[in-house]
2 protein chains.
Amino acid sequence: MEAIGEPNRRRVVEVLAAGERSAGEIAAGFDISRPAVSQHLGVLVEAGVLRVRRQGRQRFYSVDASALDEVGDWLEAQRGRWNTALDALEQAMDEGES
Amino acid sequence: MEAIGEPNRRRVVEVLAAGERSAGEIAAGFDISRPAVSQHLGVLVEAGVLRVRRQGRQRFYSVDASALDEVGDWLEAQRGRWNTALDALEQAMDEGES
DNA sequence: CAGATATGTAAGCAGTGACTTACGCATTTG
DNA sequence: CAAATGCGTAAGTCACTGCTTACATATCTG
């Protein structure tokens, strides 16, 4: 789930949150080249965050609903790590201020 | 505040949460070389997360209490970014499931 | 069928960041 | 004062990652 650490990929997810879009439509909203976006899409699909639906010569991407949980868990894990440090700090500070 | 994104640096903060330590003491707890730790310490000081106190030939590092807030803010900002995406997603899912 | 369209893939470049070794500088110690 | 100790700095390596420019592939369209 490290896939969602990249800003552009986060944006892709945000865009797709509004609904299914074709690769071209998605890429149109970015300044980077279309292949670059395509690569990001590939990473996200690989990570299970997105799904692809082929229709004719187009490919429609959408967020995999089940990924919601995973993303949430990942977020929590990230938070948890820091909270470990923060908690220790706060505690130390409180004690030290005596 | 990007400084605290690196795992080893996070560990440094955790270690220092227990109290002030000399550079050598800190480095002893890591597998990487002493200079590498020194560099991490430098970054953290530069970022305002740590303070240094020179005493003789030793340098004692400790967490800067005021950094607590900044770290917290940074964490919140990170969360916020993702929540933007997550909120949109959840909303879209809820609507879509009709 | 030939050309256009929609998209992925390959290959390579460039920036970044963490790490290592080597070295320099101050401070303590015998 | 010379050696030892505690650290930081310099310089260079390496891996990773995102980007770009070709190029390949599949599908429509006239």
Side-chain angles (χ1 to χ4, degrees), chain A residues 1-16 18-64 71 74 78 81-82 85, chain B residues 1-16 18-64 71 74-75 77-78 81-82 85:
Chain A
M1 283 303 288
E2 241 324 303
I4 58 186
E6 211 272 334
N8 280 325
R9 287 202 281 268
R10 185 160 45 213
R11 269 199 58 199
V12 168
V13 175
E14 286 174 6
V15 169
L16 256 35
E20 192 181 55
R21 295 290 157 86
S22 74
E25 289 172 327
I26 299 169
F30 289 79
D31 284 341
I32 60 180
S33 72
R34 197 191 50 65
V37 174
S38 181
Q39 284 162 11
H40 282 311
L41 290 170
V43 171
L44 288 169
V45 168
E46 191 61 29
V49 178
L50 302 183
R51 273 175 311 170
V52 211
R53 182 172 65 84
R54 310 187 52 164
Q55 178 182 310
R57 52 188 164 184
Q58 300 186 89
R59 303 203 186 179
F60 291 90
Y61 290 86
S62 57
V63 177
D64 188 326
V71 172
W74 182 80
Q78 294 299 91
R81 286 185 193 167
W82 265 108
Chain B
M1 284 303 290
E2 240 325 302
I4 57 185
E6 209 274 334
N8 279 326
R9 288 203 279 270
R10 185 160 47 212
R11 269 199 59 199
V12 168
V13 175
E14 286 174 6
V15 169
L16 257 34
E20 192 181 54
R21 295 291 157 86
S22 74
E25 289 173 328
I26 299 169
F30 290 78
D31 284 340
I32 60 182
S33 72
R34 195 189 50 67
V37 175
S38 181
Q39 285 163 11
H40 283 311
L41 290 171
V43 171
L44 288 170
V45 168
E46 192 62 29
V49 178
L50 302 184
R51 275 176 311 170
V52 211
R53 181 173 65 83
R54 309 187 50 164
Q55 178 182 310
R57 54 189 165 185
Q58 301 187 92
R59 304 206 185 175
F60 291 91
Y61 290 86
S62 57
V63 178
D64 188 327
V71 172
W74 183 80
L75 253 182
Q78 294 298 93
R81 288 184 191 167
W82 265 108

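Because only heavy atoms are used, hydrogens play no part in the values below, and waters and symmetry mates are left out as well, while side chains stay in. A note on names: the letters A, B, ... follow the listed sequences, proteins ahead of strands, and every chain is numbered from 1.
- Here the straight-line distance linking atom CZ of A:Arg51 with atom CG of A:Leu44 works out to 13.5 Å at 0.5 Å rounding.
- Within the structure, salt bridge (Lys or Arg N to Asp or Glu O under 4.0 Å) contacts touching residues 28-48 of chain B (residues at least two apart or in different chains) do not occur.
- For A:Leu41 and C:dA6, the CG to C1' distance is 13 Å, given to the nearest whole Å.
- Summarising the geometry, atom CD belonging to B:Gln39 is positioned 10.0 Å from atom CZ belonging to B:Arg9; distances are rounded to the nearest 0.5 Å.
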Discussion item. With side-chain contact (heavy atoms from CB on, under 4.5 Å) as the criterion, how do A:Val12 and A:Val49 come out once you've worked through the C-alpha distance, each side chain's angles and the decisive distance to 0.1 Å?
Written reply: CA-CA 11 Å; A:Val12 168; A:Val49 178; over 6 Å; no
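- At the phosphate of C:dA6, neither OP1 nor OP2 sits under 4.0 Å from any side-chain N or O atom of A:Ser22.
- Residues passing the side chain to side chain contact (heavy atoms under 4.5 Å, CB included) test with B:Ala36 are B:Ile32, B:Ser33, sequence neighbours excluded.
- For DNA chain D, the span of nucleotides reached by chain A at under 4.0 Å from its heavy atoms goes, 5' to 3', from D:dG18 to D:dC28.
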Under 3.5 Å donor-acceptor pairs involving side-chain atoms of residues 52-63 of chain A, not counting sequence neighbours:
unit_1  : atom_1 : unit_2  : atom_2 : d
A:Arg53 : NE     : A:Glu20 : OE2    : 2.8
A:Arg53 : NH1    : A:Gln55 : OE1    : 2.8
A:Arg53 : NH2    : A:Glu20 : OE1    : 2.8
A:Arg53 : NH2    : A:Glu20 : OE2    : 3.4

Worksheet entry | Protein proximity profile, nucleotides 15-27 of chain C - base contact B, sugar-phosphate-only contact S, no contact -, cut-off 4.0 Å on heavy atoms | ---SBBBB----B
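- Residue contacts shown for A:Phe30 are absent, as no nucleic acid heavy atom lies under 4.0 Å away.
- To the nearest angstrom, P of C:dA6 lies 15 Å from OH of A:Tyr61.
- Of all heavy-atom pairs spanning B:Ala18 and B:Arg21, the tightest one is CB-NH2, 4.1 Å.
- Rounded to the nearest 0.5 Å, atoms CD1 (A:Ile26) and CG (A:Leu16) are 4.5 Å apart.
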